[in-house]
Amino acid sequence: MAGRPDVEAVAVSFVVTVDRNSLGAFNSCEGLGVEVVMEQREEGGQNGWVWQLPTRIKYPNIKLTRPVTADSRKITDWFAGMSNGVKRMTAVIEARNPAGERIASWGLHGVVPVRWTGPQLTLESPKVAMETLELAHHGFVAT
């Protein structure tokens, strides 16, 4: 059923791989999108409208959130490896249903991790320990 086009994209997990290395599953994914930046130009004598000229394409950072798991170490190891230089990679984010079937996927080109936020541990308000990974990228690629 993974290839059925009529299956709704109600996802409970987002599985992330970077250069074919799994980072595990996340339960929240924000920032998948693209924006074409428009430049406005006013033409002398033309008072009825303004030129809307497309200039560049911008991709927002993607934020992935999940409870802390054994896979959390893969993220901190990735950041630790960046001390020798930043290498842009290719990533794939797959939305999966409760049965683990792929509903949709997005390939990302030129991925770099820009932020990791670890859990806030406090006795005053016991909650699930959560972590957030933020990725920058240069655009989408076929998966």
Scanning both residues in full, the closest heavy-atom pair of Gly100 with Arg96 reads O-CD, 3.5 Å
Please tabulate, one pair per line, all N/O donor-acceptor pairs under 3.5 Å involving side-chain atoms of residues 127-143, not counting sequence neighbours.
| from | atom 1 | to | atom 2 | distance (Å) |
| --- | --- | --- | --- | --- |
| Glu131 | OE1 | Ser72 | OG | 3.4 |
| Glu131 | OE1 | Trp116 | NE1 | 2.7 |
| Glu131 | OE2 | Arg66 | NE | 2.7 |
| Glu131 | OE2 | Arg66 | NH2 | 3.2 |
| Glu131 | OE2 | Ser72 | OG | 2.6 |
| Thr132 | OG1 | Thr65 | OG1 | 3.4 |
| Glu134 | OE1 | Arg115 | NH1 | 2.7 |
| Glu134 | OE2 | Asn61 | ND2 | 2.8 |
| His137 | ND1 | Gly139 | N | 3.1 |
| Thr143 | OG1 | Ser105 | OG | 2.8 |

Output all residues satisfying side chain to side chain donor-acceptor pair (under 3.5 Å) with Thr55, sequence neighbours left out; order by chain, then residue number. none
Can you name the side chain to side chain donor-acceptor pair (under 3.5 Å) partners of Gln52, sequence neighbours left out? none
Do Leu23 and Asp71 have side chains that get closer than 4.5 Å, going by heavy atoms? no
Consider only side-chain heavy atoms of I, L, V, M, F, W and Y, link residues closer than 4.5 Å, and tell whether Val92 and Ile103 are in one cluster. no
Residues that Ala70 engages under side chain to side chain contact (heavy atoms under 4.5 Å, CB included), provided they are two or more places apart: none
Restricting to pairs with a member in residues 76-86, which pass salt bridge (charged side-chain N to carboxylate O under 4.0 Å, His left out), not counting sequence neighbours? Arg73-Asp77
So side-chain hydrogen bond (donor to acceptor under 3.5 Å, both in side chains) across residues 17-26, not counting sequence neighbours, yields none
Co-members of the apolar cluster containing Val50 [side chain, <4.5 Å]: none
Only counting residues at least two apart or in another chain, list the ones meeting side chain to side chain contact (heavy atoms under 4.5 Å, CB included) with Pro54. Val36, Met38
Does Glu39 have any salt bridge (charged side-chain N to carboxylate O under 4.0 Å, His left out) partners at least two apart in sequence or in another chain, and if so, which? Arg41
Is Tyr59 reachable from Leu64 through a run of hydrophobic residues whose side-chain heavy atoms are each under 4.5 Å from the next? yes
Say whether Trp78 and Phe14 are linked into one hydrophobic cluster, either directly or through other cluster members, by side-chain heavy-atom distances under 4.5 angstrom. yes
How about Glu42: does its CD atom have over 12 heavy atoms from other parts shown lying under 6.0 Å from it? no
Val15 side chain reached by Ile93 side chain, heavy atoms, under 4.5 Å: no
Contact summary for Pro60 and Gly31, nearest pair of heavy atoms: CG-O, 3.2 Å
What pair of heavy atoms forms the shortest contact from Ala95 to Trp106, and how long is it? CB-CZ3, 4.0 Å
Below 4.5 Å, heavy atoms only, C-beta onward: do Ile62 and Leu32 meet side chain to side chain? yes
Identify every side-chain donor-acceptor pair in residues 79-89 under 3.5 Å, counting partners at least two apart or on other chains, and give the distances.
| from | atom 1 | to | atom 2 | distance (Å) |
| --- | --- | --- | --- | --- |
| Ser83 | OG | Ala80 | O | 3.0 |
| Arg88 | NH1 | Gly110 | O | 2.5 |

Could you check whether any side-chain heavy atom of Val111 comes within less than 4.5 Å of a side-chain heavy atom of Thr90, counting everything from C-beta outward? no
Restricting to pairs with a member in residues 28-58, which pass ring pair (Phe, Tyr, Trp, His ring centres under 6.0 Å), not counting sequence neighbours? Trp49-Trp51
Listed partners of Glu35 passing side chain to side chain contact (heavy atoms under 4.5 Å, CB included), at least two apart: Lys58
Gap between atom NZ of Lys63 and atom OG of Ser28 - 0.5 Å precision: 10.0 Å
